[in-house]
*Asks:* 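Handing you a structure now.
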Protein chains: 2
Amino acid sequence: MVRGKIQMKRIENDASRQMSFSKRRNGLLKKAHELSVLCDAEVAVIVFSQRGRLYEFSSHEMPKTMDRYYRHAKQVQKGGSDTASMRTKIEFLEQSKRKLLGQCSLSSYSSTDELQDIASQLERSLSNVRARKAQLLSEQIHELNAKEGLLLEEHSGAKSCVQATHKQENETYSSLSSNSTSEQVGTELFIGLPEMQIV
Amino acid sequence: MVRGKIQMKRIENDASRQMSFSKRRNGLLKKAHELSVLCDAEVAVIVFSQRGRLYEFSSHEMPKTMDRYYRHAKQVQKGGSDTASMRTKIEFLEQSKRKLLGQCSLSSYSSTDELQDIASQLERSLSNVRARKAQLLSEQIHELNAKEGLLLEEHSGAKSCVQATHKQENETYSSLSSNSTSEQVGTELFIGLPEMQIV
DNA sequence: CCTTCTATATATAACCA
DNA sequence: TTGGTTATATATAGAAG
């Protein structure tokens, strides 16, 4: 039984949120289907749960709807739009991806040198991705610190420090946009926090 | 006043269909927003009206959610040869490549979990690539052994050992197609060969 | 994770402005 | 097109299974 208007904010109780998600998700997908059938519209819905599970509906084909969206949202970039050059582009990108993921047949690699290049590139990529992860985590920590500051302030009654805290937060965010120090910042933050260790 | 259950088929009356579209479309977008807020989910909705007008909602960023969708549904692998699906494929592959190489803006990643996924994938890929490099080197060694055998044979006159060497080479290649043992095989092969050390 | 129950909240078809 | 009004259909929170 619904006891009152529900507040438009995250449901904090895990079980309730999960139950609500399950029901509302089904409701949303049903509504999407009804809209597409009744009104003859092209509809696509994508839902990712908190745990990363995917739920979707598409009245036509998801890639086609997405592509239509892209074409609508932004006039697609440069490069040949004929099937020939696009096919070439696709083949190149797919081969490039397979090589990066080590999914090629051995004969696809021209030499051990090429494999060495790819390995080196992967290591750099891994380093990039880890740095970005550290960045994201440090941003989250700064946010939490800022929130903590606000909470503490509520008890101390000192108001001048609020703006100072926010200012620092913004500066930190800006500086993290450059890659140079992010990894260091990231790792330093997690000394003594093994469960947050950056893998 | 709703006089009865609505039939789940296209509303034939133009005015009614248009009215229904307008109301249901708003309802759908609202529901999508509620789901994302209440249940902390990543939600994206795309609606094209019959006349081609676009209506959308996305809790995060549409391109980000679309990209996440593609990473999840690997269905892109196959697909049509029309420009629409090819363009989609290109978009997906390019974004996928940027993420693997850590070249995306930080905001392109939805969470540290996603970055963790990518990092794990990169580590597996690196392992694959190293294994393949080891394979290639081992094949080259087998070839050299075979050639050495042939050269020796020219002097000794014994011919049967050549085919034996080739047979073993093929078996090794087959077993390496599965990931489980390739790394181990690769490293074992190069014990005592420091200049060929696998990076 | 799913279903069912039931009281209530929401959505919406038809109508009107 | 857009925005109310109202009677009804649907959706769903909370509890239980």
Side-chain angles (χ1 to χ4, degrees), chain A residues 1-60 62 65 68-69 72-73, chain B residues 1-60 65 68-69 71-75 110-111 113-114 116-117:
Chain A
M1 307 75 173
V2 185
R3 53 185 160 191
K5 282 191 177 183
I6 78 168
Q7 303 301 311
M8 268 309 288
K9 67 192 191 90
R10 182 190 140 103
I11 299 169
E12 291 304 333
N13 180 280
D14 280 8
S16 299
R17 189 175 60 254
Q18 168 56 33
M19 178 57 77
S20 212
F21 175 71
S22 172
K23 289 182 174 179
R24 282 178 173 271
R25 186 226 313 146
N26 287 329
L28 183 70
L29 297 178
K30 184 182 174 188
K31 289 281 187 191
H33 176 243
E34 291 177 355
L35 179 63
S36 70
V37 171
L38 294 171
C39 307
D40 203 13
E42 184 169 343
V43 182
V45 175
I46 297 172
V47 179
F48 283 102
S49 71
Q50 270 194 309
R51 276 164 302 173
R53 279 192 63 175
L54 168 66
Y55 303 85
E56 63 174 304
F57 166 80
S58 61
S59 59
H60 294 54
M62 187 63 83
T65 302
R68 189 177 176 186
Y69 172 85
H72 216 279
Chain B
M1 311 75 172
V2 186
R3 53 185 159 192
K5 283 191 178 182
I6 68 168
Q7 304 300 312
M8 269 309 289
K9 66 192 189 91
R10 183 190 139 104
I11 298 169
E12 291 304 335
N13 180 280
D14 280 9
S16 298
R17 189 176 61 254
Q18 170 54 34
M19 179 57 78
S20 213
F21 175 71
S22 173
K23 290 186 174 177
R24 283 179 173 272
R25 184 228 312 148
N26 287 329
L28 184 70
L29 297 178
K30 184 182 175 188
K31 289 282 186 190
H33 176 244
E34 291 178 354
L35 180 63
S36 70
V37 171
L38 294 171
C39 306
D40 205 13
E42 185 169 342
V43 182
V45 175
I46 297 171
V47 179
F48 283 104
S49 71
Q50 271 194 308
R51 278 168 304 169
R53 278 191 63 177
L54 168 66
Y55 304 86
E56 65 175 300
F57 166 80
S58 63
S59 60
H60 294 54
T65 302
R68 188 176 178 189
Y69 171 83
R71 286 204 309 114
H72 237 269
K74 300 167 186 172
Q75 48 186 260
S110 55
S111 66
D113 278 350
E114 187 188 350
Q116 180 55 63
D117 288 347

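The sequence lines fix the lettering, A, B, ..., with proteins before strands; numbering per chain opens at 1. What you see is a predicted model, and the numbers here were worked out from it, not measured in a lab.
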*Asks:* Under 4.0 Å from any atom of DNA chain C, heavy atoms only: list the residues of residues 33-49 of chain A that qualify, in numerical order.
*Replies:* none

*Asks:* Side chains of residues 24-31 of chain B: which donor-acceptor pairs under 3.5 Å do they make with residues two or more places apart or in other chains?
*Replies:*
residue: Arg24(B); atom: NH1; partner: Glu34(A); partner atom: OE1; Å: 2.8
residue: Asn26(B); atom: ND2; partner: Ser22(B); partner atom: O; Å: 3.1

*Asks:* Which nucleotide of DNA chain C is the first, and which the last, in the 5' to 3' direction, to come under 4.0 Å of a heavy atom belonging to chain A?
*Replies:* dC1(C) to dT12(C)

*Asks:* What distance separates Gln18(B) CD from Ile11(B) CD1, expressed to the nearest 0.5 Å?
*Replies:*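 The distance works out to 10.5 Å.
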
*Asks:* Around Arg10(B), counting heavy atoms of other residues, nucleotides and ligands shown, do more than 12 lie under 6.0 Å from its CZ?
*Replies:* yes

*Asks:* More than 12 non-hydrogen atoms from neighbouring residues, nucleotides or ligands closer than 6.0 Å to CD on Gln7(B), yes or no?
*Replies:*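 Open.
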
*Asks:* With Thr65(A), which residues qualify under side-chain contact (heavy atoms from CB on, under 4.5 Å), at least two apart?
*Replies:*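 With neighbours one apart ignored, the set is Glu42(A), Ala44(A), His60(A), Ile46(B), Phe48(B).
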
*Asks:* For the residue pair His33(A) and Phe57(A), what are the closest heavy atoms and their distance?
*Replies:* CA-CZ, 3.5 Å

*Asks:* Tell me which residues in residues 12-31 of chain B lie within less than 4.0 Å of DNA chain C, going by non-hydrogen atoms.
*Replies:*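 Ser20(B), Lys23(B), Arg24(B), Gly27(B), Lys30(B), Lys31(B), in order of number.
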
*Asks:* Could you go through the side chain to side chain contact (heavy atoms under 4.5 Å, CB included) check for Leu38(A) and Met8(B) one step at a time?
*Replies:* CA-CA 6 Å; Leu38(A) 294 171; Met8(B) 269 309 289; 4.2 Å; yes

*Asks:* For Arg17(B), which residues count as a side chain to side chain donor-acceptor pair (under 3.5 Å) partner, sequence neighbours excluded?
*Replies:* Asp14(B), Gln50(B)

*Asks:* Tell me if a side-chain donor or acceptor on Ser36(B) pairs with a main-chain N or O of Ala41(B) at a distance below 3.5 Å.
*Replies:* no

*Asks:* Hey, which sits more toward the 5' end of DNA chain C by its nearest nucleotide, Lys5(A) or Val2(B)?
*Replies:*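 Its nearest nucleotide being more 5', the pick is Lys5(A).
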
*Asks:* Quick one: pull up CG in Leu35(A) and OG in Ser20(B) and give me the separation to the nearest 0.5 Å.
*Replies:*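 So the gap between those two atoms works out to 8.0 Å.
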
